[in-house]
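Report on the structure given below.
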Amino acid sequence: MAVLSTREKLAILSDAAKYDASCASSGAAKRNSLKSGGIGSTEGSGICHAYAPDGRCISLLKILLTNFCIYDCSYCINRSSSNVKRARFTVDEVVQLTLNFYKRNYIEGLFLSSGVIRSPDETMGEMVEIARQLREVHKFGGYIHLKTIPECAPELLDAAGKYADRLSINVELPTDEGVKRLAPEKKPETIRLSMANLRSRIEEKSEPTMKTKRRERFAPGGQSTQMIVGADQTTDATILKTSARLYGSYHLRRIYFSAFSPIPDSSAALPSMKPPLMREHRLYQADWLMRFYGFSEQEIVADQADGMLDLQVDPKLAWALANRGQFPLDVNRASREMLLRVPGLGTKAVTKILEVRRYRRLRLEDVGKLCASVAKVRPFLVAEGWSPGGLTDTQHLRQKLVPKPQQLSLF
């Protein structure tokens, strides 16, 4: 095989990493290298593929250590039987790339995943060594996220948690049946055991020690996971049920959904078409409702006969339309829990409403200043000087609230 340059490896392995979605840095410890004499920090808005409130694009070096892999998962472009160009970084190459990119202000941290080459322990050992060198040798204070391998030895997971801000273990697919059918070399029970062990270690290290009375540093950003959506016939109801179980069992910081993307020379067991990206978006919205708005997974899909989320309207609006008997709510009297169920009102808007109404009664115009769309709020609220009357129960309310199709411009 021809020897590849670092630039060629970077082109291959950065492209191969695009299927990993879990790269947000929320929850990372605040750290600045000015005191240590090193470089890098996690101060500010964090590191992720997003825009900060001030408009800055926050980025990190997101690569695979290698796209060689001993596993033959049907849905993976890097599976062992896939005819793709292969590459592998050395430990020193990843360390130097991270430092050089940071010094040039290209990145603010590292997201490192990998295919499994030769054995899980060997691959995970190299990933841990990269994090160790960055932290201990180069005093790197930036963000590090390691995508860990469930089958590796527990001591390697312990070492990874010592150096990384966040660890993630992929559950791959929403159901055990899906994993066994499309990734038969991976064992769902092994994945769950690794996630449980990681949760235990995070909780254990969060307690102050008897000697120093200080908490040991161990993956302060917690753990996350990712599941592929649309690679099998699993419904959104099942996906949300799995998500609720994962949050409850392993105290995950975040679950990421990745829409299945058809790959060359794929198995006949896989669909030939990718699912609509809106499905992935709706699942994220539903996940948000479960985590921050007090909804259960049963409520979100209770009125969907086929177990699939409505792609035309967001899950909160779909729930409100199916439960109009609970509306309209008096914005000046309703509880926080119920206000969070009003379409168009986010957590910040509800908090502000509760603060302001202690001093005066709110009008609909006041609520409109706190939310993105007063048109979505209007049918579900009573305010000072405003009552929706029969608007809440009108037959064509859904049509009024669904965004109208727009003709795209060709130029």
Side-chain angles (χ1 to χ4, degrees), residues 75 171-182 188 226-249 255-262 269-329 337-338 340-346 373 375-380 388 390-405:
Y75 49 82
V171 296
E172 305 294 344
L173 293 163
T175 64
D176 287 0
E177 293 74 20
V179 175
K180 291 174 181 177
R181 186 168 63 90
L182 299 178
Q226 177 176 326
M227 66 176 75
I228 298 169
V229 175
D232 56 15
Q233 299 302 312
T234 304
T235 64
D236 293 339
T238 301
I239 291 172
L240 293 177
K241 184 177 180 180
T242 298
S243 297
R245 175 175 53 80
L246 291 173
Y247 279 124
S249 299
I255 294 175
Y256 291 85
F257 304 103
S258 179
F260 169 72
S261 180
L270 294 172
S272 58
M273 298 286 291
K274 62 182 180 181
L277 282 178
M278 183 55 71
R279 183 185 178 192
E280 178 185 299
H281 181 59
R282 295 296 183 221
L283 283 167
Y284 275 119
Q285 290 177 319
D287 177 78
W288 217 254
L289 293 182
M290 291 162 53
R291 294 165 62 206
F292 301 112
Y293 289 80
F295 283 79
S296 68
E297 74 277 9
Q298 294 96 338
E299 287 181 292
I300 296 172
V301 294
D303 300 290
Q304 308 298 327
D306 59 357
M308 302 298 286
L309 295 171
D310 193 326
L311 299 184
Q312 287 190 303
V313 297
D314 67 80
K316 192 201 278 194
L317 178 55
W319 179 86
L321 290 171
N323 294 271
R324 298 191 206 187
Q326 301 197 36
F327 300 99
L329 297 176
E337 291 72 24
M338 287 306 299
L340 284 172
R341 291 175 175 250
V342 175
L345 292 185
S373 173
K376 186 182 286 188
V377 172
R378 188 182 290 117
F380 302 102
L391 180 60
T392 306
D393 297 316
T394 184
Q395 182 179 359
H396 302 293
L397 179 59
R398 177 187 170 95
Q399 287 79 355
K400 291 181 179 180
L401 296 177
V402 173
K404 300 294 187 295

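As a basis for the values below, the full set of heavy atoms in this structure was taken, side chains included, without hydrogen atoms, waters or symmetry mates. Only a predicted model underlies this, so the values are computations on that prediction, with no experimental measurement involved.
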So, for [X] and [Y], which heavy atoms are closest and what is the spacing to 0.1 Å?
{"X": "Lys316", "Y": "Leu345", "answer": "NZ-O, 2.7 Å"}
{"X": "Lys376", "Y": "Gly344", "answer": "CD-N, 3.6 Å"}
{"X": "Val301", "Y": "Ala237", "answer": "CG2-CB, 3.7 Å"}
{"X": "Leu182", "Y": "Ala231", "answer": "CD1-O, 3.8 Å"}

Lys241, Arg282, Arg279 screened by salt bridge (Lys or Arg N to Asp or Glu O under 4.0 Å) with Asp236, the one that passes:
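Of the listed residues Lys241, Arg282, Arg279, the salt bridge (Lys or Arg N to Asp or Glu O under 4.0 Å) partner of Asp236 is Arg279.
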Got a salt bridge between Asp176 and Lys180, using NZ or NE/NH1/NH2 to carboxylate O under 4.0 Å?
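Answer for the salt bridge query: no.
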Roughly how far, to the nearest 0.5 Å, is the [atom2] atom of [Y] from the [atom1] atom of [X]?
{"X": "Tyr256", "Y": "Leu283", "atom1": "OH", "atom2": "CG", "answer": "15.0 Å"}
{"X": "Met290", "Y": "Ser296", "atom1": "CE", "atom2": "OG", "answer": "8.5 Å"}
{"X": "His281", "Y": "Leu277", "atom1": "NE2", "atom2": "CG", "answer": "10.5 Å"}
{"X": "Leu173", "Y": "Asp232", "atom1": "CG", "atom2": "CG", "answer": "5.5 Å"}
{"X": "Leu240", "Y": "Phe257", "atom1": "CG", "atom2": "CZ", "answer": "6.0 Å"}
{"X": "Leu270", "Y": "Arg181", "atom1": "CG", "atom2": "CZ", "answer": "7.5 Å"}

Quick one: does [X]'s side chain have a donor or acceptor within less than 3.5 Å of a partner on [Y]'s backbone?
{"X": "Tyr247", "Y": "Ile255", "result": "yes"}
{"X": "Thr235", "Y": "Met308", "result": "no"}
{"X": "Thr394", "Y": "Leu397", "result": "no"}

Could you check Gln326 against Arg341 for side chain to side chain donor-acceptor pair (under 3.5 Å), going step by step and ending with a plain yes or no?
CA-CA 10 Å; Gln326 301 197 36; Arg341 291 175 175 250; 5.8 Å; no
Test side chain to side chain contact (heavy atoms under 4.5 Å, CB included) applied to Tyr293 and Ile300, step by step:
CA-CA 11 Å; Tyr293 289 80; Ile300 296 172; over 6 Å; no
Within 6.0 Å of CD in Gln399, more than 12 heavy atoms from elsewhere:
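Enclosed.
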